[in-house]
Amino acid sequence: MKTSKHLLLALPLAFVVACSSDSDNDEEYTEKTYPIIVSATERPIANPSAAQNSMRRAPITTTSSLEEFTLFFWGKDIGFGKTVGTFSKTGTHWVGDQNWPSQYTGNYDSRVLTFYASNAGTSISQEAHEACVDVHVDEESNKQVDLLAAKNAVSYRSCGGVVPLEFDHISAAVQVNLCKTASLRDYTVVVSEVKLHNIMCQGEYYFDRDDKWELYGTPTDYTITAYQQGGLEVTDDPQPLAVSGDYLFLLPQTLTGWNKTSPLEDSYIEIKCKIYNSDGYKVGSSDYGSVYLPLDATLKMGMINSLNISMGTALRDRDGNKIF
């Protein structure tokens, strides 16, 4: 199923844009070059509640913070797979290292090129005659990126030579909130680490599909947060576990939580913590112990997905048996 991907290298370039006029004839168009220029915007992603007290994770990407992206085009008489190159910002626009096909730049030529763009890694490829990007989410949260993708079918004449790309956020931004329930109200709960288990981390995003993501590979684990000193005391009110503006960027997917008949085989959250009151420790002691929660959730593309985790009667041991 998998085909090879094309690796594109960033080239620092600057171009002077040549302007056309109605008096230009076909011979002049074949001699002139017209760099492919892009104006880039993005549809916004919703802002979350303020967050605090944890290791830093990746920020949401905007076109002001976007450093570069890759772009391919497809034309009726030139086929798919024409590499436009890696785009970098020049002033208020983005410029690549290749030109519009000369036959597509005449004043009276309305033939359409379809442009595909993404910051997901460094490649866009053809998979079974479809444009797609291949993604592997980094297990280190501070190395994850907010994935963007755009598609636009335009003629040179209709856009004046400047392709108006509008990027969509195609990953699922995840923020986790933690609290304790009434069953732990008389206990002190201190958390040192929270980790997601059995999450799909590899997939292909197809530009021309309604159901755009196809996931593959084996599930992996992600540390949501780890507290370096003292841990976090959990309260009755939900507390976000990330620094303000930081997220996990995971692939859109539906998570099915494990149950007592199949513990630890599907999705779950591991919480390293101490739970104690005046009578002693319920979990942990001088060292932190682990408790587990089944995780059922649908992580949606282009949205901030809040996972609200309540510590209480649902806590289990590694065999899936309830602790409380």
Side-chain angles (χ1 to χ4, degrees), residues 45-60 137 139-144 146 169 171-199 221-250 253 255 257-258 267-278 280-300 303-318 322-324:
I45 192 169
N47 289 324
S49 303
Q52 59 190 355
N53 295 335
S54 80
M55 63 192 293
R56 184 163 180 80
R57 300 209 294 265
I60 285 177
V137 179
E139 294 179 29
E140 295 186 44
S141 56
N142 63 341
K143 294 182 180 179
Q144 294 175 2
D146 180 13
H169 297 264
S171 54
V174 177
Q175 186 175 58
V176 178
N177 303 300
L178 190 63
C179 68
K180 62 180 181 180
T181 65
S183 62
L184 286 176
R185 189 159 294 159
D186 296 329
Y187 287 83
T188 299
V189 180
V190 180
V191 169
S192 67
E193 185 178 88
V194 182
K195 182 178 289 188
L196 293 178
H197 288 268
N198 294 340
I199 311 297
D221 303 331
Y222 294 96
T223 298
I224 301 174
T225 191
Y227 298 92
Q228 304 303 318
Q229 295 180 352
L232 172 71
E233 184 170 342
V234 182
T235 67
D236 297 342
D237 298 317
Q239 297 180 74
L241 302 182
V243 175
S244 180
D246 293 349
Y247 310 88
L248 297 174
F249 287 108
L250 305 179
Q253 59 192 281
L255 307 177
W258 55 260
S267 301
Y268 62 98
I269 288 182
E270 178 183 1
I271 303 173
K272 291 185 178 180
C273 61
K274 300 176 184 180
I275 302 176
Y276 59 92
N277 61 10
S278 58
Y281 286 91
K282 188 75 174 180
V283 174
S285 56
S286 57
D287 296 322
Y288 291 90
S290 288
V291 295
Y292 303 87
L293 279 164
L295 178 59
D296 288 289
T298 298
L299 305 181
K300 295 183 179 179
M303 297 182 64
I304 292 170
N305 299 261
S306 293
L307 301 182
N308 297 310
I309 308 303
S310 298
M311 297 182 65
T313 54
L315 296 179
R316 300 174 183 266
D317 61 22
R318 193 169 181 84
K322 285 188 177 182
I323 292 175
F324 291 90

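All of these numbers come straight from a predicted model, not from anything done at the bench. Residue numbers run from 1 in the order of the sequence given. Both backbone and side-chain heavy atoms feed into the values below; hydrogens, waters and symmetry mates do not.
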Any heavy-atom pair between the side chains of Leu241 and Leu232 that's under 4.5 Å? yes
Output the distance between atom CG (Leu295) and atom CG (Leu255), rounded to the nearest 0.5 Å. 5.0 Å
So which heavy atom on Ser183 is nearest to which on Thr313, and how close? OG-N, 3.4 Å
Rounded to the nearest 0.5 Å, what separates atom CG in Leu196 from atom CD1 in Ile309? 8.0 Å
Least distance between heavy atoms, Pro294 atom then Ala314 atom: CD-O, 4.4 Å
Once you round to the nearest 0.5 Å, how far does OG of Ser310 lie from CG of Leu315? 9.5 Å
Side chain Lys180, main chain Tyr187, donor-acceptor under 3.5 Å: yes
Residues two or more places apart in sequence or in another chain: which of them pass salt bridge (Lys or Arg N to Asp or Glu O under 4.0 Å) with Asp236? Arg185
Donor-acceptor check, side chain of Glu270 to backbone of Arg318, threshold 3.5 angstrom: yes or no? no
Please tell me if the side chains of Thr225 and Val176 come closer than 4.5 Å, counting only heavy atoms from C-beta onward. no
Give every residue pair that meets the salt bridge (Lys or Arg N to Asp or Glu O under 4.0 Å) criterion with at least one member in residues 187-196, sequence neighbours excluded. Glu193-Lys272
Is the closest side-chain heavy-atom distance between Cys179 and Asp237 below 4.5 Å? no
Smallest separation among heavy atoms of Gly312 and Thr181, with atom names: CA-OG1, 3.2 Å
Would the distance check show the side chain of Asp221 and the main-chain N or O of Asn198 forming a donor-acceptor pair, the cut-off being under 3.5 Å? yes
Taken in chain and number order and not counting sequence neighbours, the residues that satisfy side chain to side chain contact (heavy atoms under 4.5 Å, CB included) with Lys274 are Tyr276, Tyr281, Tyr288
Side chain of Asn177, backbone of Gln175: donor and acceptor closer than 3.5 Å? no
Are Val174 and Tyr222 side-chain neighbours, meaning at least one heavy-atom pair lies under 4.5 Å? no
Dump the intermediate steps for side-chain contact (heavy atoms from CB on, under 4.5 Å) on Asp146 and Ser171, then the final yes or no. CA-CA 6 Å; Asp146 180 13; Ser171 54; 3.4 Å; yes
With sequence neighbours excluded, tell me which residues meet side chain to side chain contact (heavy atoms under 4.5 Å, CB included) with Asp296. Thr256
Across all chains, not counting sequence neighbours, the ring-ring contact (aromatic ring centres under 6.0 Å, His included) partners of Tyr268 are His197, Trp258, Tyr292
Could you give the distance from CD1 (Ile224) to CG (Leu248), rounded to the nearest 0.5 Å? 6.0 Å
Lys282 and Leu184, any side-chain heavy atoms less than 4.5 Å apart: no
Taking the side chain as everything from C-beta on, heavy atoms only, tell me whether Leu307 gets closer than 4.5 Å to Leu299. yes
Check whether any side-chain heavy atom of Gln144 lies under 4.5 Å from a side-chain heavy atom of Leu250, and answer yes or no. yes
Go through the structure and list residues passing side chain to side chain contact (heavy atoms under 4.5 Å, CB included) with Ser278, not counting sequence neighbours. none
